[in-house]
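Each remark here refers to the structure printed beneath this line.
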Amino acid sequence: MITVLKEGVTKEQREKLIQWFESHGLSVHISEGRYQTVLGLVGDTTRIDDGLVESLEIVQSVKRISEPFKSANRKFHPDDTIVDIEGLKIGGGHFQFIAGPCSVESRDQILDIAKSVKAAGANLLRGGAFKPRTSPYDFQGMRAEGLELLLEAKKETGMPIVTEIMNSNHLPLFEDVDVIQIGARNMQNFELLKDVGKTRKPVLLKRGLANTLKELLMSAEYIMSEGNENIILCERGIRTFETYTRNTLDLSAVPVLKELTHLPIVVDPSHATGHASLVPSMALAAAAAGADGLMIEVHNDPQNALCDGAQSLKPEEFAKVCKNVNAVLGAIRQFQEDE
């Protein structure tokens, strides 16, 4: 349920109404836009009389939200959420490139790639320390040592780091990580979602391999229910009957999510296609569709990568992608200004 307040409502009037809602066992989320203030009510709102609230002098309208995701709902929070990561903003017109190797393999490797992707235009460094693999015999990542190397790369380049967590028990190791990634396989690990929700750290939440957008938003709701609203959604392709690509990139997810939620959305064309040759075109398409960022795998020696080398771009290829994507973004901004 949301309550839209009229313009000119004083802070005292608003606080008095909020206290009344809270006295009925509801939690209240305040969203202050440029022209209006929206109070989002979470809890059992059946005890609230819509007509009574709407009759109040300071209330413009009252609406009930039928969708099960409340906090992530754009009706609940009309303006785009802008997630701040060490001064870097994503969402609400702020676009970011997140780039780096699938997994951290050595000190020289991660430092070299970090410097290369930064020079090319990336502002955030991705890299896997803990790696979920289909086979238990595949490389599982350098784990804690990998995190230390990522932090060293951050110190060297100044780039905030994005890396995946596998287990709530690992949270103490992630204290200095800037963005905690929840991978596709853990999208519905609800206990993990609640635990990262308590950290208040930015979370990059990937869509599951066979999950609906509604399920993705419900997973975001788990994180938000614990008080963490710094969530970036990630479309990384879903499993279909098609076999020519690793997954099927659902670009329609971008405009649909833009309608449903205020949370920023990035696209991962690397995991979606599984082929480096397809990444540039899908990156351009994602930017044109309205994504708030791209997450791209880059490796200095893809042929000898320990993980997902086939879908990794070389640094010079990534630099070209950044240049072309920025051209698309510039054209879109010009078009919007001319309308």
Start with the C-alpha distance between Glu7 and Gln60, add both sets of side-chain angles, then the distance that settles side-chain contact (heavy atoms from CB on, under 4.5 Å), and finish with yes or no. CA-CA 9 Å; Glu7 285 190 64; Gln60 178 177 310; 6.0 Å; no
Run the side-chain contact (heavy atoms from CB on, under 4.5 Å) check on Glu235 and Leu257 step by step: do they pass? CA-CA 10 Å; Glu235 165 58 38; Leu257 287 170; 5.7 Å; no
Start with the C-alpha gap between Gln311 and Thr273, add the side-chain angles, then the distance that decides, and say whether side-chain contact (heavy atoms from CB on, under 4.5 Å) holds. CA-CA 7 Å; Gln311 65 194 35; Thr273 64; 5.5 Å; no
side-chain contact (heavy atoms from CB on, under 4.5 Å) between Leu171 and Val196, worked out: CA-CA 8 Å; Leu171 274 171; Val196 298; 4.3 Å; yes
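Leu329 and Val321 fall within the same hydrophobic cluster, where Ile, Leu, Val, Met, Phe, Trp and Tyr residues are linked whenever their side-chain heavy atoms come under 4.5 Å apart, directly or through other members. By the criterion of side-chain heavy atoms lying less than 4.5 angstrom apart, applied directly or through intervening Ile, Leu, Val, Met, Phe, Trp or Tyr residues, Leu124 is not grouped with Leu313; the two fall into different hydrophobic clusters. Residue Phe69 is grouped with residue Val254 when hydrophobic side chains (ILVMFWY) are merged at heavy-atom distances under 4.5 angstrom, including chains of intermediate members. Ile180 and Ile90 fall into different hydrophobic clusters, defined by Ile, Leu, Val, Met, Phe, Trp and Tyr side-chain heavy atoms under 4.5 Å apart, directly or through other members. Taking hydrophobic clusters as Ile, Leu, Val, Met, Phe, Trp and Tyr residues chained together by side-chain heavy-atom distances below 4.5 Å, Ile182 shares a cluster with Ile161.
Legend: residues meeting ring-ring contact (aromatic ring centres under 6.0 Å, His included) with Phe95, ordered by chain and number and at least two apart, are Phe97. Applying the ring-ring contact (aromatic ring centres under 6.0 Å, His included) rule to His29 yields the partners Phe76, His77; only residues at least two apart in sequence or on another chain are considered. Remark: Lys70 engages no residue in a salt bridge (Lys or Arg N to Asp or Glu O under 4.0 Å) (not counting sequence neighbours). Every residue meeting the salt bridge (Lys or Arg N to Asp or Glu O under 4.0 Å) condition with Glu191, not counting sequence neighbours, appears here in chain and number order: Lys194. Checked against side-chain contact (heavy atoms from CB on, under 4.5 Å), Lys11 has the following partners two or more places apart in sequence or in another chain: Arg14, Glu15.
Without hydrogens or angle criteria, Gln96 side chain to Lys89 main chain gives a donor-acceptor distance under 3.5 Å. Side chain of Asn247 to backbone of His271: a donor-acceptor contact under 3.5 angstrom is found. A donor-acceptor pair under 3.5 Å links the side-chain atoms of Thr212 to the main chain of Glu215, judged by distance alone. Under the 3.5 Å distance criterion, the side-chain polar atoms of Thr163 are matched with a main-chain donor or acceptor of Gly127. Checking side-chain atoms of Gln303 against main-chain N and O of Ala305 turns up no donor-acceptor pair under 3.5 Å. No donor-acceptor pair closer than 3.5 Å links the side chain of Lys206 to the backbone N or O of Arg236. With hydrogens and angles ignored, the 3.5 Å screen pairs no side-chain donor or acceptor of Glu54 with any backbone N or O of Val59. In this structure, Asn228 contributes its side chain and Thr199 its backbone to no donor-acceptor pair below 3.5 Å. Thr261 places a side-chain N or O within donor-acceptor distance of the main-chain N or O of Ala72, the cut-off being under 3.5 Å. Remark: the backbone N or O of Arg126 is not paired with any side-chain donor or acceptor of Glu297 at under 3.5 angstrom.
Taking 4.5 Å as the limit, some side-chain heavy atom of Ile85 sits within range of a side-chain heavy atom of Ile232. Contact of the Ile58 side chain with the Lys6 side chain is not registered, since no non-hydrogen atoms from C-beta on lie closer than 4.5 Å. With contacts defined as side-chain heavy-atom distances shorter than 4.5 Å, the pair Thr37/Val9 does not qualify. Residues Glu317 and Val279 form no side-chain contact, since every pair of their non-hydrogen atoms from C-beta on lies 4.5 Å or further apart. With contacts defined as side-chain heavy-atom distances shorter than 4.5 Å, the pair Ile98/Leu294 does not qualify. Residues Val38 and Pro78 are in side-chain contact: their nearest non-hydrogen atoms beyond the backbone lie under 4.5 Å apart. Side-chain contact check for Val325 versus Cys322: every heavy-atom pair is 4.5 Å or farther apart. Within the 4.5 Å cutoff, the side chain of Leu17 has heavy atoms near those of the Leu5 side chain.
Here the shortest heavy-atom pairing between Leu111 and Ala153 reads CD2-CA, 3.5 Å. Closest of all the heavy-atom pairs between Val179 and Val203 is CG1-C, 4.2 Å. Nearest heavy-atom pair across Val117 and Leu125 is CG2-CD1, 4.3 Å. When every heavy atom of Ser106 is checked against every heavy atom of Leu149, the shortest pair comes out as C-CD1, 3.8 Å. When all heavy atoms of Thr81 and Pro264 are compared, the pair lying nearest together is O-CD, 3.7 Å. Nearest heavy atom pair, residue Ile2 against residue Lys75, reads CD1-O, 3.1 Å.
In this structure, Ile65 CD1 and Arg74 CZ are separated by 12.5 Å, a value rounded to the nearest 0.5 Å. Taking CD1 of Ile231 as the reference point, atom OG of Ser219 lies at 9.5 Å (rounded to 0.5 Å). We find the CZ-CG distance between Arg246 and Leu278 to be 13.0 Å, quoted to the nearest 0.5 Å. For the atom pair CZ of Arg200 and CD1 of Ile223, the computed distance is 12.0 Å after rounding to the nearest 0.5 Å. Leu217 CG to Glu67 CD: the interatomic distance, rounded to the nearest 0.5 Å, is 9.5 Å. Interatomic distance, CG of Asn73 versus OG of Ser66, reported as 8.0 Å (0.5 Å rounding).
By the neighbour-count criterion of 12 heavy atoms within 6.0 Å, atom CZ of Arg64 is densely surrounded, having more than that number from other residues, nucleotides or ligands. Within a 6.0 Å radius of CD in Glu242, other residues, nucleotides and ligands contribute more than 12 heavy atoms.
Look at Asp268 and Arg207 and you find no salt bridge, because none of the NZ, NE, NH1 or NH2 atoms lies under 4.0 Å from a carboxylate O. Of the charged side-chain nitrogens involved, none lies within less than 4.0 Å of a carboxylate oxygen, so that Lys63 and Asp50 do not count as a salt-bridged pair.
Residue Leu216 forms a side chain to side chain contact (heavy atoms under 4.5 Å, CB included) with just one option from Leu205, Asn211, Leu260, and that option is Leu205. Each of Lys154, Lys201, Met159 was compared with Asp178 under the side chain to side chain contact (heavy atoms under 4.5 Å, CB included) criterion, and only Lys154 meets it.
Sorted by first and then second residue, the pairs that involve residues 162-182 and meet ring-ring contact (aromatic ring centres under 6.0 Å, His included), not counting sequence neighbours, are Phe130-His170.
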